[in-house]
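Side chains included, hydrogens not; waters and symmetry mates left out as well; all remaining heavy atoms used. Just so we're on the same page: letters track the sequence lines, and every chain starts at 1.
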Protein chains: 2
Amino acid sequence: MAKKTRSSPRREDSLSRDRIIEASVAILDGSGEDGLTFRALSERLATGPGAIYWHVPNKGDLLTAACDAIIARAMNAPLVGATPQAIIRTLALGMFDAIDAHPWVGSALTRAPGQLPMVRILERIGRQVSALGVPDEEQWATVGALLNYILGVGAQNAANGQLGRMRGIDRSDFLDAVATSWSQLDPNAYAFTRSMAAHLRGHDDRNDFIAGIDLILSGIEASRRL
Amino acid sequence: MAKKTRSSPRREDSLSRDRIIEASVAILDGSGEDGLTFRALSERLATGPGAIYWHVPNKGDLLTAACDAIIARAMNAPLVGATPQAIIRTLALGMFDAIDAHPWVGSALTRAPGQLPMVRILERIGRQVSALGVPDEEQWATVGALLNYILGVGAQNAANGQLGRMRGIDRSDFLDAVATSWSQLDPNAYAFTRSMAAHLRGHDDRNDFIAGIDLILSGIEASRRL
DNA sequence: CATTCTATTGGAACGTCGTTCCATTTATGT
DNA sequence: ACATAAATGGAACGACGTTCCAATAGAATG
């Protein structure tokens, strides 16, 4: 890769970081994480791997950049919300929907700690936590609770999609298979897990996700009242 | 790979699933996720890749099995706790410490959704949530909040360790580098993140982690009182 | 004890990946 | 028009997960 210089492209059909990222997102959406290879990318862009490396340092950075393109879109959506709580809920749902539409974002996020995509989310949520009146010394832990919960659900959704794809079945069939295997566990050793198997079938991911957010929000409120 | 039959080994130095998993854990601890290859494993066990495949179906399953060995140890530790809350705190800290000692477990966990290692954690936490008096229909979301938070922190710790290793620096130096890059962000667009940069240096991961657990626990309590 | 059979072994080989290298092409500045 | 530098694209490298298969070693059989 090299430093950037020129402002206007030298050729009409020239390569650019943005075109590469755009193509990467398309491949990731269409073929999942494993589908993104420099060879697939070369073919789609009608070029060779070497040309791509002129614009992008390595695959990890490319994945992070593709992830950031999605996150930036999700976090720049206009926020209509009366209270900080309402805005946090909207932000969280925005993340959920973004990862639901682009499952690879879930795992890409966890591989880029402290980098741009994560910082975007941290900032948006942090401001609302601050607006909530959480004292300075508790803000990190509070934002961390929300952020890590969102990341945890996202990573889980990503993994479900990935495993399902590998076995050639869709997400709900995969969850069904998990529910079946849970219901065959030892009744004594895994009583709780067995009781959850029923709930796992046909539950609403999104509802359960936002219920978790509400739980944390009410924890924040409870702590604030002490 | 093949089906299991024999009970006693045919040779003294014979291969076995357990010996392979044990060696995998050693390699993962010593060289991180990328260090675990069938070639490295072959060398350590003084055999060839083909022999390993007789006992293990593929790399993914091997990683999950290695992960499960760590999780099983952590979740079978004796639990002394007066209240369900205290037990949940102990379990969560056990997970934190296990991932801190074996960072690769953090990312291995997210790649095995609904499988044995996750189920172990789900069961242990679920029982305490149940003991807490959370109504049946809220148990899934409640356990999910705790579990996903733990997973999120774990994945984050794993990623920090992995990125640090790649750059040849240790964890605290890596966090320091992140803090530096945060403090150079635009003051208007990233005011909150900048204010967190200071906290990031020299904070106690473990304390912040348990503070998040307490936040969720108090949210559970608050919801229960409604 | 000799022989057969089958579970296991270990190393060679295949296809794919990320990445590097480099000869070639294209636009710019003189 | 020519020299220079930016940008391209395809060949090649080393490492990986996995498959294949000829060789072994203990168990079972006679």
Quick one: which of [options] gets closest to the side chain of [X]?
X	options	result
A:Thr37	D:dT8, C:dG18, C:dT9	C:dG18
A:Arg39	D:dC13, D:dA11, D:dG17	D:dC13
B:Thr47	D:dA11, C:dG10, D:dA7	C:dG10

query = Whole-Å distance between D:dT19 P and B:Trp54 CH2?
reply = 14 Å
query = Atom CE of B:Met166 and atom C1' of C:dG18: how far apart are they, to the nearest Å?
reply = 12 Å
inquiry  = So, taking the atom named CZ in A:Arg194 and the one named CG in A:Asn188, what distance separates them when rounded to the nearest 0.5 Å?
reply    = 9.0 Å
inquiry  = Rounded to the nearest 0.5 Å, what separates atom OG1 in A:Thr37 from atom CD in A:Glu43?
reply    = 9.0 Å
ask   = Heavy atom of residues 55-67 of chain B under 4.0 Å from DNA chain D: which residues?
value = B:Asn58, B:Lys59
Under 4.0 Å, counting only non-hydrogen atoms across every strand here, what does [X] touch: a base, just sugar-phosphate, or nothing?
X	answer
B:Leu45	nothing
A:Ile52	nothing
A:Leu41	nothing

request  = Return the orientation label for the B:Trp140 and A:Trp182 ring planes: parallel under 30°, perpendicular over 60°, tilted otherwise.
outcome  = tilted
